[in-house]
Amino acid sequence: MTDVPDPGTGPERDRAGVADLHSFAVELRRLNGEINRLVHGFAGEHGLHATDVLALAAILDAPEPLTPGRLREHLGLTSGAVTACLDRLERAGHIRRVRESPDRRVVHLHYVPDAKSAARAHFRPLADVTASVRSGFSEDELSVVLRFLAAMNEQLSAVRSPGR
């Protein structure tokens with residue numbers, strides 16, 4: 001089992017004993033960097049771009065089938081860049097485009113089941129580490145962590161780069 005840092009050690013703390021903003025920034029960058037390392041490895045092994053892997057994750061995580069337009073909005077890309085991304089993913093056998101609504105102009109994106117298996121195998125170490133680290137926290141602590149991550153994701157999704 002992985003050791004979980006004691007709340008009194010590790011990140012810098014302010015006078016009230018709460019982790020300071022700099023410590024959060026450092027740990028979030030580290031987490032992002034480690035996940036990016038795994039993403040780039042998967043992309044390289046499958047002849048994809050890192051953005052293609054982000055698109056796959058968005059397609060996988062969507063509560064309902066995504067359209068190319070909704071994927072474009074989610075990734076913040078141009079329609080041409082999304083088309084190129086989807087072309088690569090389809091050629092590599094990761095997704096399929098389906099016209100399944102009464103409006104034949106609407107295209108839905110689906111993750112191909114066999115491709116999901118390849119992704120699961122590659123990202124299994126991330127799942128294993130997550131399970132290991134989770135085991136060092138109580139359900140109440142995990143609830144707070146999930147609430148924090150969900151709030152971060154929600155607010156970050158509304159942030160736009162200057163000039164966009």
Side-chain angles (χ1 to χ4, degrees), residues 2 4 23-101 103 105-137 139 141-164:
T2 303
V4 177
S23 296
F24 272 97
V26 167
E27 295 303 326
L28 288 170
R29 280 192 298 270
R30 284 186 62 203
L31 178 62
N32 184 57
E34 294 301 332
I35 290 174
N36 279 340
R37 182 176 54 79
L38 294 171
V39 165
H40 284 274
F42 181 81
E45 289 173 14
H46 293 269
L48 302 173
H49 298 177
T51 302
D52 300 343
V53 181
L54 297 177
L56 283 174
I59 293 166
L60 178 66
D61 294 343
E64 58 191 36
L66 280 180
T67 63
R70 288 201 347 256
L71 181 62
R72 181 190 62 76
E73 290 170 9
H74 176 78
L75 296 176
L77 299 175
T78 65
S79 56
V82 167
T83 298
C85 170
L86 294 175
D87 288 346
R88 282 189 302 273
L89 291 172
E90 198 166 43
R91 271 193 312 273
H94 289 276
I95 66 154
R96 60 186 168 79
R97 296 173 180 151
V98 179
R99 296 180 192 282
E100 57 192 11
S101 73
D103 183 347
R105 295 171 296 176
V106 176
V107 173
H108 288 129
L109 307 171
H110 294 276
Y111 208 138
V112 174
D114 289 343
K116 277 185 191 178
S117 296
R120 275 193 197 104
H122 182 86
F123 290 101
R124 170 57 48 202
L126 176 59
D128 292 344
V129 166
T130 301
S132 173
V133 171
R134 283 182 73 236
S135 71
F137 291 84
E139 289 301 314
E141 289 171 321
L142 291 171
S143 178
V144 171
V145 170
L146 278 176
R147 203 171 80 236
F148 172 80
L149 292 172
M152 287 287 295
N153 286 325
E154 183 65 29
Q155 290 191 30
L156 283 172
S157 71
V159 173
R160 298 291 172 253
S161 298
R164 276 198 179 214

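Since the model is a prediction, treat every value here as computed from it, not as a measurement. For reference, positions follow the sequence shown, starting with 1. Reckoned from all heavy atoms, side chains included, excluding hydrogens, waters and symmetry mates.
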Problem set entry | Which residues share a side chain to side chain donor-acceptor pair (under 3.5 Å) with Arg120, sequence neighbours left out | none
Exercise. For Arg29, which residues count as a side chain to side chain donor-acceptor pair (under 3.5 Å) partner, sequence neighbours excluded?
Worked result: none
For this session: Mind listing the closest non-hydrogen atom pair of Cys85 and Asp52 along with its distance?
Result: SG-OD1, 3.2 Å
For this session: State which residues pass side chain to side chain donor-acceptor pair (under 3.5 Å) with His40; sequence neighbours excluded, sorted by chain then number.
Result: none
Problem set entry | Test side-chain contact (heavy atoms from CB on, under 4.5 Å) applied to Arg30 - qualifying residues, sequence neighbours left out | Val26, Glu27
For this session: Begin from the C-alpha positions of Leu38 and Glu34 and carry the test side chain to side chain contact (heavy atoms under 4.5 Å, CB included) through to its verdict.
Result: CA-CA 7 Å; Leu38 294 171; Glu34 294 301 332; over 6 Å; no
Problem set entry | Pairwise salt bridge (charged side-chain N to carboxylate O under 4.0 Å, His left out) hits with a residue in residues 74-84, at least two apart | none
For this session: Check whether any side-chain heavy atom of Pro68 lies under 4.5 Å from a side-chain heavy atom of Leu86, and answer yes or no.
Result: yes
Seminar exercise, completed: For Ala115 and Gly93, the nearest pair of non-hydrogen atoms, with its separation, is CB-O, 3.6 Å
For this session: Starting from the C-alpha separation in whole Å, work towards a yes-or-no answer on side chain to side chain contact (heavy atoms under 4.5 Å, CB included) for Val107 and Thr67.
Result: CA-CA 6 Å; Val107 173; Thr67 63; over 6 Å; no
Atom pairs and distances, side-chain donor-acceptor, residues 144-157, under 3.5 Å, sequence neighbours left out:
unit_1 : atom_1 : unit_2 : atom_2 : d
Asn153 : ND2    : Leu149 : O      : 3.2
Ser157 : OG     : Glu154 : O      : 2.7

For this session: State which residues pass side-chain contact (heavy atoms from CB on, under 4.5 Å) with Ser143; sequence neighbours excluded, sorted by chain then number.
Result: none
Problem set entry | Between OG1 on residue Thr130 and CZ on residue Arg134, distance to nearest 0.5 Å | 8.5 Å
Exercise. Residues two or more places apart in sequence or in another chain: which of them pass salt bridge (Lys or Arg N to Asp or Glu O under 4.0 Å) with Glu90?
Worked result: Arg97
Validation: residues 42-49 side-chain donor-acceptor distances under 3.5 Å, sequence neighbours left out:
unit_1 : atom_1 : unit_2 : atom_2 : d
Glu45  : OE1    : His122 : ND1    : 3.3
His49  : ND1    : Arg88  : NH2    : 3.3

For this session: Could you list the residues that satisfy salt bridge (Lys or Arg N to Asp or Glu O under 4.0 Å) with Asp128, not counting sequence neighbours?
Result: Arg124
For this session: Could you note down all residue pairs passing side-chain hydrogen bond (donor to acceptor under 3.5 Å, both in side chains) where residues 106-116 supplies at least one of them, sequence neighbours left out?
Result: Glu100-His108, Glu100-His110
Acceptor/donor pairs from residues 70-81 side chains to any protein atom, 3.5 angstrom cut, sequence neighbours excluded:
unit_1 : atom_1 : unit_2 : atom_2 : d
Arg70  : NH2    : Pro65  : O      : 3.3
Thr78  : OG1    : Ala81  : N      : 3.0

Problem set entry | Interatomic spacing from CG in Leu109 to CG in Leu66 - rounded to 0.5 Å | 6.0 Å
Problem set entry | Straight-line distance of Ile95 CD1 to Leu56 CG, nearest 0.5 Å | 7.5 Å
